[in-house]
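First up is the structure itself, then whatever we jot down about it.
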Amino acid sequence: MIQQGESFPLGSTVCPDGVNFSLFSKNSTLVELLLFDHAGDAKPATVIVLDLRWNRTYHYWHVFVPGIQDGQIYGYRVFGPFEPHRGLRFDSSKLLLDPYGKAMAMPDGYSRVNASVPGDNCATAMKSIVADPSKYDWEGDIPLKRPFAQTVIYELHVRGFTRHPSSGLSHETRGTYRGLIDKIPYLQDLGVTAVELLPVFQFDEQDAPWGLVNYWGYSPISFFVPHHGYSSRKDHLGPMDEFRDMVKALHRAGIEIILDVVFNHTAEGDRAGPTLCYRGLENAAYYMLEEDRSRYADYTGTGNTLNVNQPIVRRLVLDSLHYWVEEMHVDGFRFDLASILSRDEDGRPLKNPPILWDIESDPCLAGTKLIAEAWDAAGLYQVGSFIGDSWKEWNGQFRDDVRSFMKGDNGTVSQVARRLLGSPDLYGHEEREPEQSLNFVTCHDGFTLNDLVSYNHKHNEANGEDNRDGTDFNLSWNCGVEGPTDDPSIEHLRNRQVKNFLALTLLSIGTPMVLMGDEVRRTQRGNNNTYCQDNDISWFDWTRLRKHADIHRFVKFLLLLRLRSPLARGESSLTLNEILCRARIDWHGILLNRPDWNDESHSLALTAGTLDGRFLVHVIVNAYWEPLAFELPGAAKSEQGWRRLIDTGLDSPDDICDGSDAPLVPGDSYLTQPRSVVVLFAFKTGSVGQDISSPGNRNVWSTSAEAV
């Protein structure tokens with residue numbers, strides 16, 4: 001017998017003798033719960049009409065259905081006024097998803113178009129599935145909570161990582177969570193400590209123009225459901241468990257998992273878009289609207305903007321984050337267009353945004369990695385000023401300044417010096433840890449590292465927009481020829497530039513991020529906006545691992561140097577990152593202690609020494625197009641001498657040397673090749689086997705940063 005049910009918890013909750021359903025819809029007049037036998041059914045097997053007096057408490061509709069359990073397919077029809085001028089868009093002909101649903105059924109004939117035009121769309125609508133997450137055996141797994149100081153992030157796309165036939169996986173597992181599990185040994189060998197996955201919340205693959213597909217996934221439909229298309233399992237509850245299998249396997253390998261989350265808009269788009277869920281439940285609550293209530297405010301460039309500082313939406317965001325941490329064991333989140341979360345219901349930036357402080361202060365999220373893309377599509381830019389104490393930020397200024405400097409632009413030397421030190425000009429005033437700056441040169445949005453040094457201009461013709469889409473501000477340089485070339489001199493220069501970018505990213509103070517495939521020079525053929533390219537333009541081509549083995553070897557060494565102490569002597573646990581974070585920094589140009597901060601300067605050098613003086617690192621960056629001889633500090637030379645660790649101006653294998661066999665540098669200067677990065681080191685006599693890492697004093701911003 002159907003029972004009244006409870007308003008809490010929201011969503012579908014499995015109980016011993018049935019399932020409780022609860023749904024928020026303030027202005028609706030009637031709600032029907034539809035139960036289905038199959039994902040593609042055009043008619044429900046059962047329709048349960050919720051009584052306004054019996055099944056509604058305040059703004060929550062609820063019912064308890066005995067005799068059903070997890071695996072039950074369902075959806076809602078919600079009745080109410082269609083009055084767009086008031087912000088109301090109820091449409092009882094559309095089947096709606098449960099915003100708190102934990103699993104989803106995708107019919108073979110799913111149609112975004114049918115959800116956008118008048119008429120019943122039951123047969124072609126996505127449907128929710130009752131799921132009981134408590135049944136999974138985690139076998140003792142918990143989030144790793146690795147400190148940011150020990151973190152290197154690898155940004156990857158679940159499908160693109162293993163979809164290419166060269167991945168060596170079966171057709172069934174390529175491009176899936178299962179496929180990523182099979183490639184974990186590769187990630188371990190590379191040396192990264194965290195993977196940041198492009199969106200894995202269920203998204204609408206049909207949300208793309210001209211018959212293309214939404215590949216990146218920045219078009220969310222649900223904030224609880226793992227994307228159905230990334231599962232190799234065909235059963236309805238398979239994606240949930242396969243995702244958790246992946247998390248558990250990554251944790252066993254010592255690798256954290258960070259999700260790129262999109263809490264700024266949904267796949268329902270503008271007023272011409274489909275009615276899938278939120279629009280048909282309570283349009284004016286879930287979305288920011290213009291003064292003309294029939295129009296959506298668009299701070300995202302996608303047609304709508306979630307109203308995240310409205311109480312019900314705030315609760316949805318927090319409940320989603322709790323779920324992914326508590327039930328799915330993820331280690332952190334990167335918030336897409338996070339500055340939108342600081343806007344009020346009218347789009348104005350708030351001094352103290354409720355949702356951001358909710359996330360910041362939430363005890364469930366304590367120790368969870370929180371990373372902000374601190375800008376939005378409407379011009380709000382908050383890098384260096386994002387609210388709170390626990391947030392780290394994508395440092396777009398690092399990307400731009402390092403790109404400009406290494407391509408030889410004037411007026412960039414002082415800027416790149418700041419980026420090497422963790423951007424004290426942006427973050428030093430907050431007296432935070434240097435890892436607040438998340439450093440990257442490339443990410444999913446834009447050129448790959450190979451394309452950054454191979455193209456002067458974007459080539460997005462495959463996207464069908466006559467090359468109008470994607471940014472024109474790439475700060476790229478093709479090294480003399482646009483696109484692929486057989487010219488060995490140009491290829492040699494491109495290889496060197498790739499190593500330079502990798503070295504500066506992985507050796508700078510802050511938290512580094514590497515884009516999937518940059519370690520093997522993955523190319524997108526000059527396309528800097530591959531959001532709609534689910535093909536070999538975007539996929540990781542594993543044959544490049546052999547073709548560019550020298551780059552792969554170089555990245556592995558840099559990660560070892562940063563995290564796993566190849567310079568360790570005896571009991572020492574020294575890494576270059578620790579040295580730079582605990583060091584006194586002295587700046588130089590080609591002459592010692594005479595840095596050249598002029599606009600025409602294209603080179604700089606720094607010496608980082610431990611506070612006790614037992615160890616020195618000397619870094620030279622020559623972005624000039626001719627070789628330059630840099631004077632070397634003499635303090636260490638009278639002891640054991642400088643030894644060469646890295647020189648991107650040398651061919652592999654001489655470009656990197658393990659600390660145990662690094663060659664001695666003769667003379668009082670070092671001839672640095674054009675467009676190259678050099679790292680030298682020296683031990684003071686008697687320091688072998690001693691622990692030189694001093695506790696505390698990690699903030700180098702108070703040493704010589706003011707001089708930059």
- Task: Can you sort out the partners of Glu256 under side-chain contact (heavy atoms from CB on, under 4.5 Å), two or more places apart, ordered by chain and number?
- Result: Leu144, Arg146, Thr151, Ala194, Asp331, Lys369
- Message: Under the rule for side-chain contact (heavy atoms from CB on, under 4.5 Å), what residues qualify as partners of Pro674, not counting sequence neighbours?
- Response: Arg496, Pro627
- For Tyr215, check ring-ring contact (aromatic ring centres under 6.0 Å, His included) against everything at least two apart and list the hits. His157
- Indicate yes or no: at least one non-hydrogen side-chain atom of Val619 is less than 4.5 angstrom from one of Val678. no
- Message: Just to verify, what does Glu491 make a salt bridge (charged side-chain N to carboxylate O under 4.0 Å, His left out) with, not counting sequence neighbours?
- Response: Arg494, Arg521
- Item | Counterpart residues, salt bridge (charged side-chain N to carboxylate O under 4.0 Å, His left out), relative to Arg525 (two or more places apart) | Asp536
- Run the ring-centre check on Phe335 versus Trp394 and record whether the distance is less than 6.0 Å. no
- Message: Holding to ring-ring contact (aromatic ring centres under 6.0 Å, His included), I want the full list of residues that pass it with His164, two or more places apart in sequence or in another chain.
- Response: none
- Query: Relative to each other, are the rings of Trp324 and Phe201 parallel, tilted or perpendicular (30° and 60° limits)?
  - Reply: parallel
- Task: List in chain and number order the residues that pass side-chain hydrogen bond (donor to acceptor under 3.5 Å, both in side chains) with Asp189, two or more places apart in sequence or in another chain; answer none if no residue qualifies.
- Result: Lys556
- Query: Listed by chain and number, what are the ring-ring contact (aromatic ring centres under 6.0 Å, His included) partners of Phe333, not counting sequence neighbours?
  - Reply: none
- Message: Are His227 and Phe203, when compared by the centres of their aromatic rings, separated by less than 6.0 Å?
- Response: yes
- Item | Counterpart residues, salt bridge (charged side-chain N to carboxylate O under 4.0 Å, His left out), relative to Asp401 (two or more places apart) | Arg419
- Return yes when atom NZ of Lys547 has more than 12 non-hydrogen atoms of other residues, nucleotides or ligands closer than 6.0 Å, and no otherwise. no
- Listed by chain and number, what are the side-chain contact (heavy atoms from CB on, under 4.5 Å) partners of Asp661, not counting sequence neighbours? Cys657, Asp658
- Message: According to ring-ring contact (aromatic ring centres under 6.0 Å, His included), who are the partners of His228, at least two apart in sequence or on a separate chain?
- Response: none
- Item | Inter- and intrachain pairs under ring-ring contact (aromatic ring centres under 6.0 Å, His included), touching residues 521-550, at least two apart | Phe161-Phe540, Phe161-Trp542, Tyr186-Trp542, Phe540-Trp542
